[in-house]
Amino acid sequence: MNASAAITVKQLQVHFASSRGAPVRAVDGVDMEIQQGELHGIVGESGCGKTSLARTIAGLQRPTGGSVTFDGRELDDWRRERLAFSRHVQFIFQDPLASLSRRQTISQSLEEPLKIHGLGSASQRRERILELLQLVSLPETCLDRLPRALSGGQRQRVAIARALALDPRILICDEPLSALDVSIRAQILNLFADLQKKLNLSIVLIAHDLAIIRLVCTRVSVMYLGKIVETGPTSELFARPRHPYTRALLEAAPSIDPEIERSCHVQLLSGDPPSPSSPPSGCRFHTRCPFSAPVCEIEEPILRLVDERTKVACHVA
Ligand SMILES: Nc1ncnc2c1ncn2[C@@H]1O[C@H](COP(=O)(O)OP(=O)(O)OP(=O)(O)O)[C@@H](O)[C@H]1O
Ligand SMILES: [Mg+2]
């Protein structure tokens, strides 16, 4: 295990029983490390398992196989100390209302985690609440309001402040911008980047939009059908995508590098991804990959280092 890894994920599987027969293999053998103080982006098409992975890392979903280790201890071990674990690892939902009670004022919402953990006197808690408001740039006038009286962006700021109340080390954010108005997404994105630096937080940011990842993430992992197919420093991955699927995603993204466009002008990603209940043999991407070779249908490629910091799971990359 890397000395600076905050979370280590090994051969993680999250399978869901299905009434239609074979289980849905939402996450199917993921290895990854979230370093302390990094902003780690996870991208991939709808249904590739991003939420299932994120929820499992955050301890909200039990894995079917493999392990998640936080602070040198497996999540199963932390289960008996659920409260202690939740101090360190917090989850931000797409819809801020998912973590805020509609009937609680913002002040009550922010105080609740402090109360649950028995932290501080009433006046100390009040002080902490004001500190949290400042961290997320919300005015004190919000405090007596109910969530519905705030804008979507303000509500997400409150949800972030609440998640920060206990001074966590890791924030797992599942598409935290997608429910927000396009015009305020950049502000919330900048807030994540600021918080990461200010608090040395590790932030896992799930996004559909590659432009979001590119702007703030230090590292990015690309998922396809329950697996990570490429992971590396953001600048490297955008400058030199190695996996055909990463290239396809970049090609589909609006802000594409002309260099990449020239080198990869094949029409990729036609059709829907195969079912996660019966993924293709060998490399799961071979059915949609224009570079597929015979070996790809038979042998599953392992995620291997291709340079100092980038890993790719592909036979032909
Ligand atoms: N509780 C569940 N029960 C059964 N199947 C599930 C459950 N949660 C997710 N799945 C299935 O697991 C697969 C992965 O879903 P997941 O929500 O993790 O993907 P995602 O990458 O987050 O997708 P999106 O981008 O649409 O949010 C999908 O096929 C989904 O239908
Ligand atoms: Mg999701």
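For reference, positions follow the sequence shown, starting with 1. Atoms within a ligand are numbered from 1 in the order they appear, just like the ligands themselves.
- The contact set between ligand 1 and His208, taken as ligand atoms under 4.0 Å from a residue heavy atom, comprises 25 (O).
- On a distance-only criterion, Pro276 and ligand 1 share no N/O pair closer than 3.5 Å.
- A salt bridge links Arg73 with Glu81: the closest approach of a Lys/Arg side-chain nitrogen to an acidic carboxylate oxygen falls below 4.0 angstrom.
- Counting only heavy atoms from C-beta outward, the side chains of Leu166 and Leu119 approach each other to under 4.5 Å.
- Ligand 1 places these atoms under 4.0 Å from at least one heavy atom of Glu175: 25 (O).
- Near Thr51, with a cut-off below 4.0 Å to any heavy atom, the atoms of ligand 1 are 17 (O), 18 (O), 20 (P), 22 (O), 27 (O).
- With a 4.5 Å cut-off on side-chain heavy atoms, Arg79 and Arg62 count as touching.
- Salt-bridge formation is not detected for the pair Glu111/Arg128: no Lys NZ or Arg NE/NH1/NH2 atom is positioned less than 4.0 Å from an Asp or Glu carboxylate oxygen.
- The protein atom (non-hydrogen) at minimum distance from atom 14 (C) of ligand 1 is Gly47 O, 3.3 Å.
- A distance of 4.5 Å separates CG in Leu39 from CD1 in Ile203, rounded to the nearest 0.5 Å.
- When Gly44, Gly49, Ser46 are ranked by how near their heavy atoms come to atom 19 (O) of ligand 1, first place goes to Gly49.
- Residue Thr51 counts as close to the Mg ion (ligand 2), with an N, O or S atom under 2.8 Å.
- Interface atoms of ligand 1 facing Ala26, defined by a heavy-atom separation under 4.0 Å, are 12 (O), 13 (C), 14 (C).
- At a threshold of 4.0 Å, the pair Asp28-Arg284 counts as salt-bridged, since one of the basic side-chain nitrogens sits closer than that to a carboxylate oxygen.
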